[in-house]
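To start, the structure under review is shown below, and the notes come after it.
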Amino acid sequence: MVGETTGVLFAELAAATEDVRAESRRLGKVERIAAALRGLAPEERVAGASYLAGSPRQRVLGVGWASLRDDPPLPADEATLSVAEVDAVLAQVAASSGAGSVAARRAALGALMARATASEQAFLRALVLGDIRQGALAAVVGDAVAKAADVPLKDVRRALMLRGDLGAVAAVALAGEDLGQFRLEVGRPISPMLASTAPDVDAALEKTGPAAVEWKLDGARIQVHRSGDQVAIFTRTLDDVTARIPEVVEAALALSAESFVLDGEAIALREDGRPHPFQVTGSRFASKSGVLLTPLFFDVMHLDGADLLDEPGSVRASALAGLVPERWRAPRGGPEQLEIALARGHEGVVVKALDAPYEAGRRGSAWVKVKPVHTLDLVVLAVEWGSGRRRGKLSNLWLGARVEDGFVMLGKTFKGLTDAMLAWQTEKLLELETGREGHVVHVRPELVVEIAFDGVQTSPRYPGGVALRFARVLRHRPDKPAAQADTLDAVLAVRDA
DNA sequence: TTCCGACAGTGGGGTCGCAAT
DNA sequence: ATTGCGACCCCACTATCGGAA
């Protein structure tokens, strides 16, 4: 519990975020954030706690990087902005998103920036861009909420899991109210449970213990809530997409239960049951026209008044089988399912511990995904200077495959690089430099890198008409001449396999 | 003392709707 | 009519801290 305060200036939160960024210890960050939380007046807590976690309280502002590209206005000398004033302006900006002019939003934001000190301007910018880089987001701030409110950490985590809104949870905790009020509520989304990764089914089983093996479908995650004839559907980031996929609403209404919360995937399937490329599903999701999506459910968190979150996975699977017909369920079985899923054109499998509860929002070892990986030896055509902790290092590689008269670019990657690899490639690529354009360093196409990727997709952007999906670096191959790198034909062979 | 789970950071490709040009 | 922008859909991987073993 905390004493009533008269509130804080926005500048105090800006100062807090600078302190947190400068502090490397997680416990130190928590301590500093807790101190800032304690200073918030009751009516500032929702917005203030959100700011400390790096995001405005409004989900969508309708302004982004381009709106902040120009130099900020001259900063104010003195800090005068209150948290409430900032919140009011951002609420006004958000309210015009999708309905008003970009210029009006930019003007409102600009006026706010003009009233801010240099430190506040930097903080505002970070909030708008979602680019706080202080080493603490909602999870760490949740620890600070527990500390500031003097309540058990597990209670805060549970509330965050069930509400997914740090500001709301912080306000309740700091007010000394019962966090038990955050319960699974039909119609209100919870953070979906996530999966970690393993190279094969055996490795996955080592992490999970006794488990079922379920097809992994390359669609979009959906969480379907139904109460009576009311249906609501949410995505992985808890956006409400009910109006965009009426066919899934219909499917939910066809099930024989009064109320439920289901977890699943919505995917575009062809006549023969094989999946369309992910781009087809993605397009349908964004546009509300096009090919129909099929829901394939794999979990049930609530059924007719009973919360199933804490039930073992095997019990939830049985409940699901009793509620949802087979054609709307993700196939599930033993290790043989990997071969079957791949033969049917699907992505892979998720290995799911039989005894695990539904751990909303966590990426634990209870669910482990297994997908086949392709590799190719490609050539570095250019590289971009990194940012943040990669500042001063050449980071993001432009990758090319060999063609008759040179190389054709297939995409970029920055993934998989250790600090040692970053240091090595920075030195090596500077030796190969042929010129610069902005933050791009062009190089002689001589360095070969072994690249892992999940698949080949058609690309409107790259000259070969294809791009790699989820490319990452496995290792540098200074031993291999570029003339022996893989060809575009080899890439197309992967696509057509 | 060592190990490992959780977290944050660093960015990737594609698609759409909408406003500005 | 085109283009730029913002918002989301999919995401892999490494470094670090600190509690668990």
Side-chain angles (χ1 to χ4, degrees), chain A residues 21 23-30 53-54 59-67 69 97-106 128-143 157 194-197 207 217-222 235-239 241 244 265-267 277-290 347 359 361-365 369 371 373 384 386-391 393 395-399 410-422 451-462 466-474:
Chain A
R21 188 175 299 117
E23 166 66 79
S24 68
R25 293 158 48 244
R26 184 160 294 170
L27 294 176
K29 292 177 191 285
V30 167
R59 282 188 72 91
V60 170
L61 291 177
V63 284
W65 184 80
S67 305
R69 190 166 31 193
S97 175
S101 78
V102 173
R105 285 198 292 280
R106 288 182 184 175
V128 169
L129 298 182
D131 200 20
I132 189 85
R133 301 188 199 210
Q134 63 173 4
L137 294 171
V140 171
V141 177
D143 287 21
R157 290 203 170 145
L194 304 173
S196 57
T197 309
K207 293 170 82 170
L217 303 145
D218 193 11
R221 191 81 177 264
I222 50 169
T235 63
R236 187 161 109 80
T237 51
L238 314 188
D239 284 296
V241 292
R244 276 186 250 165
E265 198 83 8
I267 184 170
F278 173 75
Q279 283 146 310
V280 174
T281 294
S283 159
R284 172 64 180 77
F285 230 84
S287 73
K288 68 186 143 185
S289 63
E347 229 190 336
E359 297 175 293
R362 309 308 280 270
R363 192 184 295 283
S365 55
K369 56 185 160 184
K371 297 189 283 186
V373 173
E384 298 173 14
S387 64
R389 71 182 301 281
R390 291 192 177 188
R391 176 173 297 277
K393 295 286 190 296
S395 174
N396 197 9
L397 301 169
W398 295 22
L399 305 171
L410 296 173
K412 309 177 191 178
T413 185
F414 58 90
K415 294 173 183 166
L417 298 162
T418 63
D419 288 354
M421 290 164 79
L422 276 167
I451 298 294
F453 59 99
D454 279 24
V456 177
Q457 57 191 347
T458 62
S459 169
R461 175 184 319 203
Y462 291 110
V466 289
L468 302 183
R469 194 151 182 234
F470 309 143
R472 57 269 193 189
V473 178
L474 292 181

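Residue numbers start from 1 in every chain, and the chains themselves are labelled A, B, ... in the order their sequence lines are given, proteins ahead of strands. What you are looking at is a predicted structure, and each value in this text was computed from that prediction instead of being measured. Keep in mind that the numbers below use all heavy atoms, side chains included, and drop hydrogens, waters and symmetry copies.
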Ionic contact status for E347(A) with K371(A), cut-off 4.0 Å: yes

Closest to the side chain of P460(A), out of dC5(C), dT15(B), dG12(B), is dT15(B)

Over how many whole Å does the gap from K393(A) atom NZ to dT10(B) atom P extend? 13 Å

Does A103(A) or V140(A) map to a spot on DNA chain B nearer the 5' end, using the closest nucleotide for each? V140(A)

If only side-chain N and O atoms of N396(A) are considered, is one of them under 4.0 Å from the OP1 or OP2 phosphate oxygen of dT10(B)? no

Let me know the distance between CZ of R284(A) and P of dG17(B), rounded to the nearest Å. 11 Å

Over 12 non-hydrogen atoms of neighbours within 6.0 angstrom of CZ in R106(A): yes

Using the closest heavy atom to pick a nucleotide of DNA chain B for each, name whichever of S395(A) or R461(A) lands nearer the 5' end. S395(A)

Could you grab the distance from atom CD of E359(A) to atom CZ of R157(A), nearest 0.5 Å is fine? 11.5 Å

Starting at the 5' end of DNA chain C, which residue's closest nucleotide do you reach first, V128(A) or G28(A)? V128(A)

Closest heavy-atom contact between T458(A) and P460(A)? O-CD, 4.1 Å

Return the value, rounded to whole Å, for the distance between atom CG of D131(A) and atom C1' of dG9(B). 10 Å

How many whole angstroms separate atom NZ of K29(A) from atom C1' of dA6(B)? 15 Å

Less than 4.0 angstrom from a charged side-chain N to a carboxylate O is my criterion; do D419(A) and R389(A) meet it? yes

Among dG12(B), dG13(B), dA7(C), which is the nearest nucleotide to the side chain of Q457(A)? dG13(B)

Rounding to a whole Å, what distance do you find between L137(A):CG and dT10(B):C1'? 13 Å

Is R391(A) touching bases, backbone alone, or none of the nucleic acid, heavy atoms closer than 4.0 Å? nothing

Nucleotide by nucleotide, nucleotides 9-15 of chain C touches protein heavy atoms under 4.0 Å in the pattern (B base, S sugar-phosphate only, - none) BBBBSSS

Respond yes when some side-chain nitrogen or oxygen of S101(A) is under 4.0 Å from OP1 or OP2 of dA19(B), and no when none is. no

Could you let me know what dC7(B) is paired to, Watson-Crick or G-U wobble, both distances under 3.5 Å, or none if it's on its own? none

Within the pair S287(A) and dG17(B), is there a side-chain N or O less than 4.0 Å away from OP1 or OP2? no

Scan T413(A) against the nucleic acid and name what it touches under 4.0 Å (heavy atoms): base, sugar-phosphate only, or nothing. nothing

Output the rounded distance in Å from CG (D143(A)) to C1' (dG5(B)). 13 Å

What's the closest nucleotide to the side chain of S387(A) if the choices are dG13(B), dT10(B), dC5(C)? dT10(B)

Would you kindly give the CG-to-P distance between L27(A) and dA6(B), to the nearest whole Å? 17 Å

Taking every heavy atom of S395(A) against every heavy atom of F414(A), the minimum-distance pair comes out as OG-CB, 3.9 Å

Thinking salt bridges, do D454(A) and R472(A) make one under a 4.0 Å N-O criterion? yes

Over how many whole Å does the gap from I132(A) atom CD1 to dT10(B) atom C1' extend? 16 Å

Taken to the nearest 0.5 Å, the spacing of T413(A) OG1 from F470(A) CZ works out to 11.5 Å

